[in-house]
Amino acid sequence: MFSRDILNRKKPVFKDNKIYLICYNPPSIYIDIADNLLNKFLLTGFGFYRFIDEWTIEDNDQECKVRAILLYYGLPLIKHKIPGTKIPNLEDLKNSSNKYIYYIAGMYWLLMNLSNVKPPKIKKLLNLTKKVNGQPIKVKELESQNLIVYPNMSDLLDFYNLIQRARTINIWDYYNWFIKQL
Amino acid sequence: MNDERLLIGALTLYLGELSKIMGGLNQHYLKLRSYLNSKEIKDEATKELLEEVIISIKTEIDSLKKTYKATKNIYKGLIRNISNEKQDLSNNSN
């Protein structure tokens with residue numbers, strides 16, 4: 001026979017076989033399903049699979065672990081530093097002497113490493129910090145941390161546009177354009 | 001308009017755009033360098049991440065500079081050809 005505790009326990013909302021998206025959107029944090037229509041571009045277009053990590057969240061007053069991508073103002077962070085790599089991570093962010101500069105460096109790193117992503121999708125990624133998608137959640141690893149920064153998104157978008165132009169600029173596009181004008 | 005003149009027109013626009021991209025990237029590069037040189041950053045992880053990004057941007061700028069230089073030489077060569085042709089034509093007519 002089940003004990004009263006077990007009978008009263010609510011069914012967990014989060015599933016082991018799903019990948020979630022945790023958006024750090026101060027003062028709240030929101031969780032959503034990563035491969036739903038709205039967020040799927042992050043997995044297919046950006047290849048954020050490598051940022052999937054295990055995070056501890058509070059679900060119906062119980063702690064539970066979920067596999068999720070944590071987006072810190074659009075910057076995916078893994079939980080711990082991987083030695084020998086520069087992959088942005090929460091451990092380094094927490095220990096950084098300037099969280100804003102760590103975030104900016106991380107975003108530039110991300111934007112330099114992305115290829116074939118159209119600028120409107122980058123805008124969509126950066127806009128995720130303004131939108132409230134999914135449900136508010138508590139993430140244990142982010143509790144009592146002062147991680148609020150005020151990033152300049154248009155600066156980042158400008159940088160991405162420049163990098164894309166630098167990598168795709170082609171004399172023949174100008175030549176063909178010239179011919180069309182005749 | 002012959003092919004040479006078309007190419008000169010296209011090259012002018014291309015060089016202008018390359019210059020704009022280099023200028024824009026250079027501004028971002030300088031901003032990041034100023035972060036790196038500031039005394040605010042005391043931890044190695046932030047420094048290392050910044051350094052990696054700065055090196056990558058510098059590589060992009062250097063590669064654009066090389067393209068710009070090579071293109072500019074082609075451009076100058078074409079201009080020289082055209083002015084020589086003009087000179088020849090005017091000498092012949094005289």
Side-chain angles (χ1 to χ4, degrees), chain A residues 75 77-78 80-115 149 152 154-182, chain B residues 1-29 31-65 67-68 70-71 74-75:
Chain A
L75 174 67
L77 294 176
I78 51 172
H80 300 293
K81 189 184 183 76
I82 299 177
T85 72
K86 304 280 188 312
I87 301 173
N89 60 85
L90 185 64
E91 189 183 334
D92 282 345
L93 173 75
K94 279 181 186 174
N95 296 329
S96 176
S97 45
N98 189 316
K99 291 173 179 58
Y100 172 76
I101 293 180
Y102 184 85
Y103 166 78
I104 290 293
M107 277 312 279
Y108 275 80
W109 176 89
L110 176 73
L111 297 176
M112 297 257 353
N113 282 295
L114 290 174
S115 54
V149 294
N152 182 348
S154 61
D155 222 23
L156 293 171
L157 197 60
D158 173 67
F159 175 71
Y160 190 71
N161 283 327
L162 286 167
I163 280 293
Q164 284 305 300
R165 286 295 295 139
R167 288 173 180 173
T168 55
I169 190 168
N170 182 343
I171 175 65
W172 300 113
D173 290 343
Y174 290 90
Y175 186 76
N176 292 331
W177 179 85
F178 231 81
I179 289 174
K180 278 182 198 156
Q181 304 307 306
L182 296 175
Chain B
M1 206 184 263
N2 65 21
D3 275 0
E4 230 170 32
R5 283 174 191 271
L6 274 175
L7 199 53
I8 286 174
L11 283 171
T12 310
L13 294 178
Y14 179 68
L15 286 168
E17 187 63 17
L18 277 178
S19 172
K20 236 191 266 175
I21 297 170
M22 282 191 292
L25 284 178
N26 200 45
Q27 280 189 356
H28 287 279
Y29 170 78
K31 183 182 74 182
L32 295 177
R33 276 216 71 95
S34 74
Y35 289 159
L36 187 65
N37 295 335
S38 74
K39 285 173 189 162
E40 280 180 63
I41 306 169
K42 295 174 187 88
D43 63 293
E44 280 307 307
T46 308
K47 263 187 206 169
E48 282 174 11
L49 191 56
L50 258 179
E51 273 166 359
E52 170 143 326
V53 169
I54 286 170
I55 290 168
S56 303
I57 298 175
K58 181 85 170 57
T59 308
E60 293 282 349
I61 295 173
D62 287 348
S63 155
L64 287 172
K65 269 185 190 163
T67 309
Y68 185 90
T71 311
I74 296 170
Y75 176 82

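Every chain is numbered from 1, with letters handed out A, B, ... down the list of sequences. For clarity, every value in this text was computed on a predicted model and none was experimentally measured.
Other residues, nucleotides and ligands contribute only 12 or fewer heavy atoms inside 6.0 Å of the CD atom of Gln27(B). Heavy-atom neighbours of Lys20(B) NZ from other residues, nucleotides or ligands within 6.0 Å: at or below the threshold of 12.
In this structure, chain A has a heavy atom under 4.5 Å from the side chain of Glu52(B), while its backbone stays farther away. No part of Lys99(A) comes within reach of chain B, as not one of its non-hydrogen atoms sits under 4.5 angstrom from that chain. Proximity to chain A involves both the backbone and the side chain of Leu18(B), based on heavy atoms less than 4.5 angstrom apart. For Lys31(B), the part lying near chain A is the side chain, with the backbone staying farther off; criterion is any non-hydrogen pair under 4.5 Å. For Leu64(B), the part sitting under 4.5 Å from any heavy atom of chain A is the side chain, from C-beta outward, and nothing else. Only the side chain of Glu60(B) comes within contact range of chain A, with at least one heavy atom under 4.5 Å from a heavy atom of that chain. In this structure, no portion of Tyr103(A) lies under 4.5 Å from any heavy atom of chain B. Using a 4.5 Å cut-off between heavy atoms, Ile57(B) contacts chain A through both its backbone and its side chain.
The minimum heavy-atom distance between Lys42(B) and Ser97(A), with the atom names listed, is N-OG, 2.7 Å. In terms of heavy atoms, Lys86(A) sits closest to Leu49(B) at O-CD1, 3.3 Å.
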Side-chain donor/acceptor pairs under 3.5 Å, residues 157-164 of chain A, sequence neighbours excluded:
{"residue": "Asp158(A)", "atom": "OD2", "partner": "His28(B)", "partner atom": "NE2", "Å": "2.7"}
{"residue": "Tyr160(A)", "atom": "OH", "partner": "Val117(A)", "partner atom": "O", "Å": "2.7"}
{"residue": "Tyr160(A)", "atom": "OH", "partner": "Gln164(A)", "partner atom": "NE2", "Å": "3.2"}
{"residue": "Asn161(A)", "atom": "ND2", "partner": "Leu157(A)", "partner atom": "O", "Å": "3.3"}

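Comparing Leu15(B), Leu13(B), Ile61(B) by heavy-atom pairs within less than 4.5 Å of chain A, the highest count is held by Leu13(B). Counting heavy-atom pairs closer than 4.5 Å to chain B, the top-ranked of the candidates Asp173(A), Asn89(A), Asn170(A), Asn113(A) is Asn170(A). Your options are Asn95(A), Asp92(A), Asp155(A), and the one with the most heavy-atom pairs under 4.5 Å with chain B is Asp155(A).
Looking at Val53(B) and Ile104(A), their side chains never come closer than 4.5 Å, going by heavy atoms from C-beta outward. Side-chain contact between Leu11(B) and Phe178(A) is absent, with no heavy atoms from C-beta onward closer than 4.5 Å.
Although no hydrogens or angles enter the test, the distance criterion places no donor-acceptor pair under 3.5 Å between the side chain of Asn98(A) and the main chain of Ile41(B).
The line from CD1 of Ile21(B) to CD1 of Ile169(A) is 4.0 Å long, rounded to the nearest 0.5 Å. Between atom CH2 of residue Trp109(A) and atom CG of residue Leu50(B) there is a gap of 14.0 Å, rounded to the nearest 0.5 Å.
Take Tyr102(A) and apply the ring-ring contact (aromatic ring centres under 6.0 Å, His included) test, not counting sequence neighbours, and it matches no residue.
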